[in-house]
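First the structure, in the form of structure tokens, and then the observations on it.
Every value quoted in this text rests on a predicted model; they were computed, and no experiment measured them.
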Amino acid sequence: MFFSVTDLAVEARDEYMSRYAISHEGEIDGVEYSERKEDDISISTIDILNEEGQRAVGKKRGRYVTISFPDIMLADYGGFIKLCEICAREIRGLCEHVCKNAESVLLCGLGNERMSPDALGPASVKNVLVTRRLKEEEPEIFSRTGLFDVCAVFPDVSAHTGLEGAEIIRAAAKSASADIIIAVDALAAKEPERLCKTLQLCSAGILPGSGVGNAVCAIDEHSMGVPVIALGIPTVIDAGTLVCGAAGENADVTPLKGLFVCPKDIDELSERLSRLVGYSVNRAFHRELSFEEMSML
């Protein structure tokens, strides 16, 4: 039987529920789920509490927050700012959940910026105000700005560097004495309607490349030594998953192995989504920074 490919916990939970909910008569043991809406934006939270929940959903223990929103290319200025505010609130809330009173954050832009479907991480981090140098060189000025201690790293991909991203990030986190790491990466989805319309946050870290069958070293609290928040937006869908969704699970998808599909306007989407992520992170940590100031970074 073909099993769909997805990085999204909310899709993994929905798939499990569709297969087994009738026999289990209700929710999944070891998993707590809640959902709320704010106009046309929905926010769901999944807490995977133990090994039973982990096995059922196929995701590591932790909290997964999923923000679903309309086509960002159609959003006006007010709608874009509202979405940024919601994302910023959820980022801040999850960071406080895993590390109360954090004083410094290391942002990691994962992926290959030379490929639009994989450029979300590096492009997003470039929209964030990095303040570590100001704090070190002008501590008095930094203390009056109301800004947060933020530094960033772009580990690129091992084909270009010869190093695993986890090695670079671990060294950077140690050098920066970061209290928390936020790793931003492009994801894979199961449902076409979620492509570029869903932002996932999770406290369980990330296994880069897992959605496209190229998993490398995990970036999580165990490997990094500090809590890791993974932030991602699905930009691709596995071709076999797409065909099975349309034709049924018995469709022959063997010829499609290794193929992934992205929206035709992925260049524009990637640029707009990277601003969404960057502005949201700015708002989460640099609360005095206006959106107008962000646009001039």
Side-chain angles (χ1 to χ4, degrees), residues 9 43 45-48 60-67 84-110 121-122 124-155 165-185 199-208 218-233 276-290 293-294 297:
I43 305 102
T45 301
I46 298 174
D47 285 299
I48 299 178
K60 293 174 63 176
R61 275 184 277 186
R63 174 166 293 178
Y64 296 78
V65 179
T66 304
I67 303 168
C84 287
E85 293 284 13
I86 290 174
C87 293
R89 182 190 67 209
E90 298 302 325
I91 292 169
R92 190 164 55 244
L94 190 56
C95 286
E96 292 173 353
H97 173 72
V98 300
C99 183
K100 294 185 182 298
N101 303 316
E103 297 182 355
S104 63
V105 62
L106 171 65
L107 292 174
C108 306
L110 304 175
S124 297
V125 175
K126 289 179 180 178
N127 283 302
V128 176
L129 177 62
V130 174
T131 58
R132 171 57 62 88
R133 183 58 63 88
L134 176 63
K135 179 183 178 181
E136 292 180 342
E137 296 183 353
E138 300 290 347
E140 292 185 8
I141 295 176
F142 176 80
S143 65
R144 296 198 300 267
T145 62
L147 299 173
F148 200 82
D149 180 2
V150 176
C151 55
V153 63
F154 306 92
E167 298 175 32
I168 298 172
I169 295 168
R170 184 164 49 243
K174 182 178 180 180
S175 176
S177 299
D179 293 322
I180 191 168
I181 295 171
I182 297 180
V184 183
D185 199 7
L199 185 149
Q200 177 177 269
L201 299 164
C202 88
S203 64
I206 190 169
L207 185 61
I219 301 169
D220 55 24
E221 185 170 6
H222 176 74
S223 62
M224 296 293 115
V226 296
V228 176
I229 299 295
L231 188 163
I233 295 176
L276 168 66
V277 174
Y279 288 13
S280 298
V281 172
N282 276 328
R283 198 64 167 172
F285 295 100
H286 306 313
R287 303 189 193 185
E288 301 302 318
L289 194 66
S290 70
E293 289 169 326
M294 294 180 203
L297 292 176

Margin query: My understanding is that only one of E103, R132, E136 makes a side-chain contact (heavy atoms from CB on, under 4.5 Å) with D149; could you say which?
Written below: R132
Next item on the list: Test D185 against every option in L207, I206, I219 by the side-chain contact (heavy atoms from CB on, under 4.5 Å) rule and name the one that passes.
Entry: I206
Next item on the list: Taking the side chain as every heavy atom from C-beta outward, state whether C84 and L276 have any atom pair closer than 4.5 Å.
Entry: yes
Check: Which heavy-atom pair separates I91 from A284 by the least distance, and what is that distance?
Finding: CG2-CB, 4.0 Å
Notebook entry, point to check: Can you tell me if S104 uses its side chain to pair, donor with acceptor, with the backbone of A176 under 3.5 Å?
Noted result: no
Checklist line | Exercise: identify the closest heavy-atom pair between G62 and S203 | finding: CA-OG, 3.5 Å
Check: Between the main-chain N or O of V65 and the side-chain N or O of T45, is there a donor-acceptor pair closer than 3.5 Å?
Finding: no
Check: Heavy atoms, side chains only, cut-off 4.5 Å: are T66 and I46 in contact?
Finding: no
Checklist line | Student check: side-chain heavy atoms of L129 and V150 closer than 4.5 Å | finding: no
Checklist line | Between S223 and D220, a side-chain donor and acceptor under 3.5 Å | finding: yes
Item checked: Smallest separation among heavy atoms of G109 and P155, with atom names -> O-CD, 3.5 Å
Item checked: Smallest separation among heavy atoms of F154 and P122, with atom names -> CE2-O, 3.4 Å
Margin query: Just to verify, what does F285 make a ring-ring contact (aromatic ring centres under 6.0 Å, His included) with, not counting sequence neighbours?
Written below: F148
Checklist line | Considering all heavy atoms, the nearest G278-N127 contact | finding: CA-CB, 3.8 Å
Check: Where is the tightest heavy-atom contact between I67 and E90, given as atom of each residue plus distance?
Finding: CD1-CG, 3.8 Å
Item checked: Minimum side-chain heavy-atom gap R283-M294 below 4.5 Å -> yes
Check: Do any N or O atoms from the side chain of T131 and from the backbone of L134 form a donor-acceptor pair under 3.5 angstrom?
Finding: no
